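Structure, as structure tokens:
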Protein chains: 2
Amino acid sequence: MNLDLSERRRRILKAVIQQYIETATPVASQDLARQMGVSSATVRNEMSALEEAGLLTHMHTSAGRVPTDTGYRFFVENLMDRAPLSAQEQRTIKHQFYQVRSDFDQWIHLAAAVLSRTAHAAAVVTPPRAYESRFKHLELIAINDMTVLMVLVLHEGTVKQQTLPAEPDTIQDQLSRSAIHINSLCENASVSAIRALAQAAATSEPPLSGFERTVLDMIARSMQQFEDQMNELIHHDGLLEMLDQPEFMHVGRVREVLSILQGGAMLDTLIPQALASNGVQVIIGGEHGRDELRDYSVVLSRYGVDGEATGVLGVLGPRRMAYPRSISTVRYIATVMSDLLNDLYGTDTKAKEEL
Amino acid sequence: MNLDLSERRRRILKAVIQQYIETATPVASQDLARQMGVSSATVRNEMSALEEAGLLTHMHTSAGRVPTDTGYRFFVENLMDRAPLSAQEQRTIKHQFYQVRSDFDQWIHLAAAVLSRTAHAAAVVTPPRAYESRFKHLELIAINDMTVLMVLVLHEGTVKQQTLPAEPDTIQDQLSRSAIHINSLCENASVSAIRALAQAAATSEPPLSGFERTVLDMIARSMQQFEDQMNELIHHDGLLEMLDQPEFMHVGRVREVLSILQGGAMLDTLIPQALASNGVQVIIGGEHGRDELRDYSVVLSRYGVDGEATGVLGVLGPRRMAYPRSISTVRYIATVMSDLLNDLYGTDTKAKEEL
DNA sequence: TTTTAGCACTCGCAGGCTGGGAGTGCTAAC
DNA sequence: GTTAGCACTCCCAGCCTGCGAGTGCTAAAA
């Protein structure tokens, strides 16, 4: 994508896209004539050339120009002014995160809320996850004489809770001993290691009781399930934020967005792809051939601490999205989240994403 | 509300409402003439009387009749056929819950999903909560040499996680000892009891360390916050389910519903009210004077185990809602959830809600 | 060769008009 | 009390129309 555009054509393309993003109406040659310092006819000629090059279109003869996917792409990569969040905004955001700093599972909600309000688009955030989950700690708590609550902490800090039926006459003391036993056995173990331990129950020293074996099975199943549902835990927010946009005048669009957000195109391709790459990813319209996304753009970034826990966050909006602002916002919040996680996990220094 | 309606008027009213619920178009006298076995003119006279009584309206002279709030109310209380879920449906639902029976926090999601799909409306579910939260168990886990993960289990089984900065050179052993100490002190304690303990740190036996005091403060704050956000944790689902209804042709409606669901009318009045009453509550249109709800109806029920943990679940839909089905669904799922919680908490037998 | 003015042409869109259809309300007869 | 008949009201989809916004093209100017 290195079209050899004259300076003037670049300026016109940029102006068209900026104006279209702002006003949501096709832009006319007249509109630009003034700021370009030439006549509308000249602008028309240039626009015509840009259309030839596949960067603009128009729906019918007497309509203004509108950017194509390619046009937006060129804009994002070569034309747009980077617009980092103001110091004031950065402070506000950081402050909000500071206030919930100890409240692990509020980070996700806060990130989504801030993203959507700052970028004026719908936000998506997946919780931070290790590539392979590892056992950290187990706690067994008697809820009553029939039920035990099992609290499982994974290495990256995720807490899972499950109940299991108690053997009759189980007392907390026994449970605590079992927990200690399992904790010592399973330190740092992966799913498969725990499965192996459960298999070899008899040979361990001291041998595992039947109950303890059940717990091991439960742990393995729980961790496995956790890994499997990898990306089913997308949290999203800010739908309302988007409904003001004129593209959502028809309800069909709302339906589209909802299905994309909850389980459609988001999971299958975009999130894994974002997890596998560095920096901020921008997907414009149907660039990936996914038809549901034809009219939408997505800005995503990975965040987290390498090797420990990473997640994905970003925004989804109409193709006519304020790219500079969205990109800055996503990038900034990704670094804030990474810093938080870095404080949590490590003495590691390479938490901040580059780009 | 005991209007003295003739049998025929009741039949006509019922037919009007049923047909309107089904077709979403005002119902004409013609439509009913046949099934009533009288001429359309007669039906018109009767309708006219029902309109006089405030049970029906029409928007302009040449339009069919439409129920008023009062009409719906009369229908719900005196006219409608109770339609319990079929045995087949009940089995399916029970089976789904059975599959996630050990996975406490999936219940909420499942309940919302099932509710919305079964009642074809948006579902809301609040997690089960004790009226006053009580301490159950604490666990302190060293994540690294700078951070401690605190896992707090409340009496009703809720698990809260928080991080706190570690003192330098803290080792897991010390943490475990602190946890044991605090666990023995705080058994069953309420927020205020824990606050008192923190105040009297020096006098306890053995005395609480500075770190342990910090943890106590943290616990108290966390529990307090938990009580404060009482109803901010509404989980909802099934927006898509509703968008097919013709009343959502205009986007404004979608916006309305979204704001009701996330933090508007739902919290303020309806949920507390549902928590305070037994059985299934039906709120039709603007019955509560809340203007945002003018065009919507809500069917809610409390669920849970008295004294241990209760929550609220229900559906929100257009005023033209399939009341019999919604009510049956809400009632059934409330009993299923109550049974689950009952298994979890108690030997108690009075878990099932009566109407 | 590039730019510009001028003009014809295209298209969308809001407004007004119209006819038909659906439904009621009333009246008078059964 | 019920019904047929009819006038009347109102909505709605379709059609036309005029206007405004923009373009594309051409021929002249720079």
Side-chain angles (χ1 to χ4, degrees), chain A residues 4-13 15-68 71 246-247 249-250 320, chain B residues 4-13 15-68 71 246-247 249-250 320:
Chain A
D4 227 4
L5 294 183
S6 73
E7 182 53 28
R8 191 169 67 182
R9 286 195 185 152
R10 295 168 73 103
R11 277 178 58 221
I12 288 180
L13 177 59
V16 168
I17 296 185
Q18 283 178 333
Q19 180 170 329
Y20 184 64
I21 285 178
E22 197 178 338
T23 64
T25 46
V27 356
S29 54
Q30 275 288 13
D31 299 351
L32 303 190
R34 227 167 259 166
Q35 53 178 297
M36 290 296 134
V38 292
S39 78
S40 66
T42 309
V43 175
R44 274 202 293 286
N45 286 332
E46 297 289 51
M47 279 174 156
S48 192
L50 288 166
E51 185 158 356
E52 194 72 17
L55 299 164
L56 296 178
T57 358
H58 56 207
M59 1 224 64
H60 58 86
T61 16
S62 73
R65 292 320 207 285
V66 164
T68 62
E247 15 270 296
M249 233 165 41
H250 300 292
R320 185 187 59 76
Chain B
D4 226 5
L5 294 182
S6 73
E7 182 53 27
R8 192 169 66 180
R9 287 199 183 150
R10 294 167 74 102
R11 276 179 58 222
I12 288 179
L13 178 58
V16 168
I17 296 184
Q18 283 179 334
Q19 180 171 328
Y20 184 63
I21 285 177
E22 198 178 337
T23 65
T25 46
V27 355
S29 53
Q30 275 287 14
D31 299 350
L32 302 191
R34 226 165 261 167
Q35 53 177 298
M36 290 298 134
V38 292
S39 78
S40 66
T42 310
V43 175
R44 274 203 293 285
N45 286 334
E46 297 289 51
M47 279 175 157
S48 193
L50 288 166
E51 186 158 356
E52 194 71 17
L55 299 164
L56 296 179
T57 358
H58 58 290
M59 3 224 62
H60 56 86
T61 17
S62 72
R65 293 316 205 287
V66 164
T68 62
E247 15 270 294
M249 232 165 41
H250 299 293
R320 185 186 59 76

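It should be emphasised that the depicted structure is a prediction, and the values quoted were computed from it without experimental measurement. Within every chain, numbering begins at 1; the chains are lettered A, B, ... in the order of the sequence lines, protein sequences first and strands thereafter.
- Residues of residues 34-52 of chain A having a heavy atom closer than 4.0 Å to DNA chain D, listed by number: A/R44.
- A 4.0 Å heavy-atom criterion places the boundary nucleotides of DNA chain D facing chain B at D/dT2 to D/dC11, written 5' to 3'.
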Q.
Return a single string for nucleotides 13-19 of chain C, one symbol per nucleotide in 5' to 3' order, where B is base contact, S is sugar-phosphate-only contact and - is none, cutoff 4.0 angstrom on heavy atoms.
A. -------

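- DNA chain D is contacted by B/H60, B/T61, B/S62 of residues 57-65 of chain B, taking any non-hydrogen atom closer than 4.0 Å.
- B/T57 places no side-chain N or O within donor-acceptor distance of the main-chain N or O of B/T68, the cut-off being under 3.5 Å.
- By the side-chain contact (heavy atoms from CB on, under 4.5 Å) test, A/A49 pairs with A/R9, sequence neighbours left out.
- Applying the salt bridge (Lys or Arg N to Asp or Glu O under 4.0 Å) criterion to A/R11, with sequence neighbours excluded, gives no partner residue.
- Within the 3.5 Å criterion, the main-chain N or O of A/R44 finds no donor-acceptor partner in the side chain of A/S48.
- Counting heavy atoms from C-beta outward, B/Y20 and B/T25 have side chains that stay 4.5 Å or more apart.
- Looking only at side-chain heavy atoms (C-beta outward), B/L5 and B/L50 come within less than 4.5 Å of each other.
- Applying the salt bridge (Lys or Arg N to Asp or Glu O under 4.0 Å) test to B/R34 and every residue at least two apart in sequence or in another chain returns nothing.
- Taking all atoms of both residues into account, the shortest heavy-atom contact from A/L32 to A/A15 is CD2-CB, 3.9 Å.
- Atom NE2 of residue B/H250 and atom CE of residue A/M249 lie 11.0 Å apart, to the nearest 0.5 angstrom.
- Using a 4.5 Å heavy-atom threshold, the side chains of A/V27 and A/R65 count as separate.
- Applying the side-chain contact (heavy atoms from CB on, under 4.5 Å) criterion to B/S39, with sequence neighbours excluded, gives B/A41, B/T42.
- Taking the salt bridge (Lys or Arg N to Asp or Glu O under 4.0 Å) definition, one finds that A/R320 meets it with A/E247, sequence neighbours left out.
- Contacts of residues 15-32 of chain B with DNA chain D (heavy atom under 4.0 Å): none.
- With a 4.5 Å cut-off on side-chain heavy atoms, A/P26 and A/H58 do not count as touching.
- Every residue two or more places apart in sequence or in another chain that forms a side-chain contact (heavy atoms from CB on, under 4.5 Å) with A/Q30 is listed here: A/S40.
- Residues that satisfy the salt bridge (Lys or Arg N to Asp or Glu O under 4.0 Å) test with B/E22, not counting sequence neighbours, are absent from this structure.
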